[in-house]
Amino acid sequence: KEREARHDEL
Amino acid sequence: MNVFRLAGDVSHLVAIIILLLKIWRSRSCAGISGKSQLLFALVFTTRYLDLFTVYISAYNTIMKVVFLALSYATVYLIYMRFRNTYDSENDSFRVEFLLVPVIGLSFLEHYAFTPMEVLWTFSIFLEAVAIMPQLFMITKTGEAESITTHYLFFLGLYRALYIANWVWRYHTEGFFDQIAVVSGVVQTIFYCDFFYLYVTKVVQGRSKMSLP
């Protein structure tokens with residue numbers, strides 16, 4: 001989840 | 001997604017398009033640092049490796065493809081199409097002075113010691129310093145065409161808006177990405193001097209921004 005939240009940013 | 005991040009991505013896109021159009025329409029890359037554009041292409045390449053492995057949203061995928069395509073197109077125009085207008089003499093910043101510390105730091109500081117995460121961290125740190133060759137070139141030539149300053153303005157604005165996005169996400173969802181925030185603040189600080197010149201000089205309608 002944490003990684004997802006981070007990598008949804010460009 | 002929030003309005004700050006959306007505005008930031010739009011500002012980033014505008015910056016890239018301004019530069020690409022300037023080079024294409026003037027058929028020249030005089031005054032443009034090819035090294036910075038190479039570094040930006042490297043930033044996008046190492047950051048968007050998850051383009052084909054993780055699907056987050058249509059927006060995310062489309063923007064990644066667009067940023068990759070436009071940055072490679074810009075590098076192509078500088079080093080191939082209009083290479084005879086490339087001012088390599090003034091684009092003399094030693095990028096190894098940027099790459100070595102950034103590579104070292106991304107091996108020291110990362111969220112996970114996996115290729116994807118180390119490369120992502122590398123791209124975050126690299127983006128903070130990728131504009132150095134361009135700013136160096138402007139100080140060396142002593143001037144920048146106004147269109148180039150508009151490019152730099154939107155490029156600097158994009159990460160400043162991302163900082164607002166991180167503040168917003170911290171207060172609304174408790175999200176905090178330390179590596180991106182620290183690097184983004186450093187990146188934006190590098191533009192402060194330029195922002196001051198931009199507002200005091202270029203906005204007054206002068207065609208060129210000549211540094212003191």
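Naming: A, B, ... by sequence-line order, numbering from 1 per chain. For clarity, every value in this text was computed on a predicted model and none was experimentally measured.
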In Å and rounded to the nearest 0.5 Å, what is the CD to NE2 distance from B:Glu117 to A:His7?
->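 These two atoms lie 4.0 Å from each other.
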Hey, could you give me the CG/CZ distance between A:Leu10 and B:Arg47, rounded to the nearest 0.5 Å?
->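 Between A:Leu10 CG and B:Arg47 CZ, I get 8.5 Å after rounding to 0.5 Å.
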Is it the case that over 12 heavy atoms from other parts of the model lie below 6.0 angstrom from the [atom1] atom of [X]?
X	atom1	answer
B:Arg25	CZ	no
B:Tyr55	OH	yes
B:Phe107	CZ	no

Which region of B:Phe67, side chain (C-beta onward) or backbone (N, CA, C, O), has a non-hydrogen atom less than 4.5 Å from a non-hydrogen atom of chain A, or is it both or neither?
->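 For B:Phe67, side-chain heavy atoms alone lie under 4.5 Å from chain A.
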Measuring heavy-atom distances to chain A, does B:Asn60 have an atom under 4.5 Å in its side chain, in its backbone, in both, or in neither?
->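 When you check distances to chain A, atoms from both the backbone and side chain of B:Asn60 fall under 4.5 Å.
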side-chain hydrogen bond (donor to acceptor under 3.5 Å, both in side chains) partners of B:Thr45, counting only residues at least two apart |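 B:Thr45 satisfies side-chain hydrogen bond (donor to acceptor under 3.5 Å, both in side chains) with B:Tyr72 once adjacent residues are dropped.
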Residue by residue, scan residues 150-172 of chain B and write down, ordered by number, those that have a heavy-atom distance under 4.5 Å to chain A; if none do, write 'none'.
->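 Hits under 4.5 Å: B:Arg159, B:Tyr162, B:Asn165, B:Trp166, B:Arg169.
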